[in-house]
Amino acid sequence: MEQDKYYRITGYYPQDDFSFIIDSNGMFEKLWQFSSYLIQKGIKVIEVSKLEDIIDINIEPVEEDKEHILLRATADGKPEYVEQTINGITHKAIKVADRLYIANNN
């Protein structure tokens with residue numbers, strides 16, 4: 001799977017008080033372009049990661065798609081941070097609905 005253009009963003013849309021996790025695998029050349037696109041829509045960007053820097057808890061990566069942003073989770077309110085222990089190391093994971101991942105694991 002191509003990973004160099006696979007990005008994940010957790011965002012919060014204050015106008016309607018909901019949060020989400022979205023992936024882009026091939027639609028944007030650079031991570032900042034993905035973030036900028038969302039900010040222009042009034043979205044508050046909470047976490048921004050490249051796939052290679054993520055530890056997925058229960059979100060599987062998707063195949064390359066150069067035309068779509070893929071919604072992975074959505075929930076009312078702001079995203080939560082919870083502790084997740086993996087291989088004896090406790091990490092701060094981000095949670096939206098029942099979906100969890102560890103952002104920027106480096």
Side-chain angles (χ1 to χ4, degrees):
M1 176 182 302
E2 186 79 23
Q3 290 190 11
D4 64 335
K5 295 178 187 168
Y6 195 124
Y7 311 120
R8 177 169 295 156
I9 292 180
T10 299
Y12 174 67
Y13 189 60
Q15 183 176 339
D16 291 328
D17 189 31
F18 73 92
S19 57
F20 56 86
I21 298 170
I22 54 176
D23 288 358
S24 171
N25 186 6
M27 186 170 169
F28 298 95
E29 287 292 317
K30 304 287 183 187
L31 183 55
W32 69 264
Q33 293 170 323
F34 190 15
S35 300
S36 177
Y37 175 80
L38 296 173
I39 290 166
Q40 291 173 15
K41 308 258 182 241
I43 292 166
K44 182 177 178 185
V45 173
I46 307 296
E47 292 284 353
V48 179
S49 304
K50 294 180 179 181
L51 182 64
E52 65 222 33
D53 298 330
I54 292 170
I55 297 175
D56 276 314
I57 306 297
N58 64 356
I59 306 172
E60 292 295 321
V62 295
E63 295 298 319
E64 183 177 27
D65 184 334
K66 295 182 179 188
E67 297 179 20
H68 301 99
I69 294 171
L70 301 142
L71 181 64
R72 308 313 305 275
T74 186
D76 290 336
K78 294 181 179 179
E80 300 175 58
Y81 284 97
V82 297
E83 289 187 351
Q84 285 287 304
T85 302
I86 299 173
N87 298 327
I89 301 170
T90 301
H91 301 270
K92 180 176 79 169
I94 193 151
K95 179 180 178 189
V96 174
D98 64 345
R99 300 294 182 164
L100 294 157
Y101 74 99
I102 297 163
N104 298 313
N105 181 52
N106 48 20

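In this text the structure is predicted, and so the values were computed from the model without any measurement.
Interatomic distance, OH of Tyr6 versus CG of Asn25, reported as 6.0 Å (0.5 Å rounding). In this structure, the separation between CG on Leu31 and OG on Ser49 is 7.5 Å, given to the nearest 0.5 Å. Here the CD atom belonging to Gln33 is positioned 12.0 Å from the CG atom belonging to Leu38, to the nearest 0.5 angstrom. With values rounded to the nearest 0.5 angstrom, Ile94 atom CD1 is found 12.5 Å from Ile57 atom CD1.
At least one side-chain heavy atom of Ile9 sits under 4.5 Å from a side-chain heavy atom of Val45. With contacts defined as side-chain heavy-atom distances shorter than 4.5 Å, the pair Leu51/Asp4 does not qualify. Contact annotation: the side chain of Met27 approaches that of Ile69 to within less than 4.5 Å [non-hydrogen atoms, C-beta and beyond]. Proximity of Lys5 to Phe34: side-chain heavy atoms (C-beta onward) are nowhere separated by under 4.5 Å.
In the hydrophobic clustering of ILVMFWY residues, with side-chain heavy atoms under 4.5 Å counting as a link, Val48 and Ile43 come out together.
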### Task
Run the numbers on Ile86 and Ile55 for side-chain contact (heavy atoms from CB on, under 4.5 Å), then give the verdict.
CA-CA 9 Å; Ile86 299 173; Ile55 297 175; 3.6 Å; yes
### Query
Can you list the steps and then say if Tyr101 with Gln84 is a side-chain hydrogen bond (donor to acceptor under 3.5 Å, both in side chains)?
CA-CA 9 Å; Tyr101 74 99; Gln84 285 287 304; over 6 Å; no
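Applying the side chain to side chain donor-acceptor pair (under 3.5 Å) rule to Asn58 yields no partners; only residues at least two apart in sequence or on another chain are considered. Residues passing the salt bridge (charged side-chain N to carboxylate O under 4.0 Å, His left out) test with Glu60, sequence neighbours excluded: none.
The main-chain N or O of Gly11 is never found under 3.5 Å from a side-chain atom of Ser19 such that the two would form a donor-acceptor pair. Judged by distance alone, the side chain of Asp16 and the main-chain N or O of Phe18 form no donor-acceptor pair under 3.5 Å.
Here the closest non-hydrogen pair linking Glu47 and Ala103 is OE1-CB, 3.5 Å.
In this structure, Lys78 satisfies the cation-pi test against Tyr12, with its NZ or CZ atom closer than 6.0 Å to the six-membered ring centre and inside 45 degrees of the ring normal.
Residue Ile21 is tested with Leu71, Val96, Ile46 for a side-chain contact (heavy atoms from CB on, under 4.5 Å); the sole match is Val96. Checking each of Thr10, Asp56, Ile59 against Arg99 for a side-chain contact (heavy atoms from CB on, under 4.5 Å) leaves exactly one that passes, namely Ile59.
Side-chain N/O atoms of Tyr37 and Ser24 include no donor and acceptor closer than 3.5 Å.
Side-chain rings of Tyr7 and Phe28 stay apart, their centers remaining 6.0 Å or farther from each other.
Using a cutoff of 4.0 Å between basic side-chain nitrogens and carboxylate oxygens, Arg8 and Asp53 are not scored as salt-bridged. Between Lys92 and Glu83 there is no salt bridge, since no side-chain N of the basic residue sits under 4.0 Å from a carboxylate O of the acidic one.
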